[in-house]
Amino acid sequence: MLALSGCSSLGCTDTMAERGKAEARVQVVNTDGQPLGVTAAVVDWSPAPHPQVPSEGDRVHFHFRFDGADEYSDPAVDACAVDKERVTLGCQRISASQAFGPADDPRTGEDWLAVEHPEQVAAVLLIPNDQSYDRRTCEADPKDGGGMHPPERPSRGEDL
């Protein structure tokens with residue numbers, strides 16, 4: 001009997017990959033936990049007003065790198081600001097295609113995290129699970145959907 005990913009004799013099933021350990025430097029992994037040969041890292045971060053909306057107060061400005069990604073792949077990971085207890089204050093997705101920084105370091109990118117209390121941020125961490133491809137769910141496509149999906153982005157207040 002031939003079985004396709006996400007399909008079984010019982011119908012379509014969705015499975016969520018286990019979330020990898022968040023760190024400032026991670027090996028990006030696929031939904032099976034296998035390394036993709038790409039390293040993502042937070043280079044630096046600091047609280048600062050966003051130049052386009054300075055009246056909104058400080059946000060978390062951070063620089064990041066993706067090493068090992070090529071022009072044919074665009075791995076993406078979730079970047080999260082955490083407090084000293086590693087409690088999530090805010091997260092957003094970053095991808096290798098955003099890392100097109102200055103000519104002296106073209107693999108570096110920058111982004112901003114909006115958090116309620118920027119003064120509580122102790123680190124910006126990356127979750128190693130590749131978020132660049134998420135197949136359709138069984139609900140959206142019962143015939144061809146299903147299978148392994150990357151973990152969901154952490155919510156505010158969640159421990160990393």
Side-chain angles (χ1 to χ4, degrees), residues 2-8 11-46 48 50-52 59-82 86-115 121-156 158-160:
L2 179 64
L4 301 174
S5 177
C7 301
S8 73
C12 188
T13 57
D14 288 309
T15 308
M16 192 72 62
E18 184 175 329
R19 182 182 297 148
K21 183 174 171 72
E23 298 290 343
R25 180 180 179 87
V26 297
Q27 289 289 324
V28 182
V29 297
N30 65 17
T31 54
D32 294 323
Q34 300 300 311
L36 298 179
V38 175
T39 301
V42 175
V43 176
D44 60 31
W45 66 272
S46 62
H50 191 289
Q52 294 176 339
R59 293 186 181 185
V60 179
H61 182 225
F62 67 104
H63 290 92
F64 58 90
R65 294 176 57 98
F66 280 86
D67 291 315
D70 59 32
E71 62 271 15
Y72 302 107
S73 66
D74 189 21
V77 297
D78 288 327
C80 299
V82 298
R86 295 178 61 106
V87 173
T88 303
L89 302 173
C91 296
Q92 70 183 43
R93 190 150 299 142
I94 57 170
S95 68
S97 63
Q98 290 175 269
F100 54 83
D104 58 331
D105 191 359
R107 294 171 299 195
T108 301
E110 68 174 323
D111 214 331
W112 297 82
L113 284 161
V115 298
V121 176
V124 174
L125 303 178
L126 304 176
I127 298 172
N129 305 85
D130 183 19
Q131 299 285 339
S132 66
Y133 175 73
D134 191 7
R135 56 186 302 121
R136 295 174 59 87
T137 63
C138 292
E139 182 179 351
D141 187 349
K143 179 179 173 278
D144 296 321
M148 188 67 76
H149 301 274
E152 292 181 4
R153 180 178 302 144
S155 302
R156 282 192 177 144
E158 196 171 332
D159 289 333
L160 291 183

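Everything numeric here is computed off the predicted structure, so don't read it as measured data.
Side-chain atoms of Thr88 and Leu160, non-hydrogen and from C-beta on, do get closer than 4.5 Å to each other. Taking the side chain as every heavy atom from C-beta outward, Val124 and Phe64 never approach each other to under 4.5 Å.
Distance check, rounded to the nearest 0.5 Å: CG of Asp74 to OG of Ser97 gives 3.5 Å. Note: Asp111 CG to Gln98 CD = 5.0 Å, rounded to the nearest 0.5 Å. To the nearest 0.5 Å, atom NE2 of residue His149 and atom OG1 of residue Thr15 are 7.0 Å apart. Here the OG1 atom belonging to Thr13 is positioned 9.5 Å from the CE atom belonging to Met148, to the nearest 0.5 angstrom. Note that CZ of Arg65 and CZ of Arg25 are 8.0 Å apart. Values are rounded to the nearest 0.5 Å.
Applying the 6.0 Å contact sphere to CZ of Arg19 captures more than 12 heavy atoms from other residues, nucleotides or ligands.
A side-chain contact (heavy atoms from CB on, under 4.5 Å) with Val26 is found for one member of Leu125, Leu126, Asn129 and no other, namely Leu126.
With hydrogens and angles ignored, the 3.5 Å screen pairs no side-chain donor or acceptor of Gln131 with any backbone N or O of Glu152. Without hydrogens or angle criteria, Asp32 side chain to Gln34 main chain gives no donor-acceptor distance under 3.5 Å. In terms of modelled atom types and a separation under 3.5 Å, the side chain of Asp130 and the main chain of Ala76 share a donor-acceptor contact.
Contact record, Ala69 with Ala96: CB-CB, 3.8 Å, taken as the closest heavy-atom pair. Residues Ile127 and Pro154 approach most closely at CD1-CG, 3.2 Å, considering heavy atoms. Closest approach of Leu113 to Cys80, counting heavy atoms only: CD1-C, 4.2 Å.
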Give every donor-acceptor pair under 3.5 Å between a side-chain atom in residues 36-45 and any protein atom, sequence neighbours left out.
| unit_1 | atom_1 | unit_2 | atom_2 | d |
| --- | --- | --- | --- | --- |
| Thr39 | OG1 | Gln27 | NE2 | 2.8 |
| Asp44 | OD1 | His63 | ND1 | 2.7 |

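With 3.5 Å as the limit, one finds no donor-acceptor pair spanning the side chains of Asp14 and Thr137.
His50 and Trp112 have tilted rings, their planes meeting at an angle from 30° to 60° on a 0 to 90° scale.
With sequence neighbours excluded, the residues that form a side chain to side chain contact (heavy atoms under 4.5 Å, CB included) with Ala114 are Arg59.
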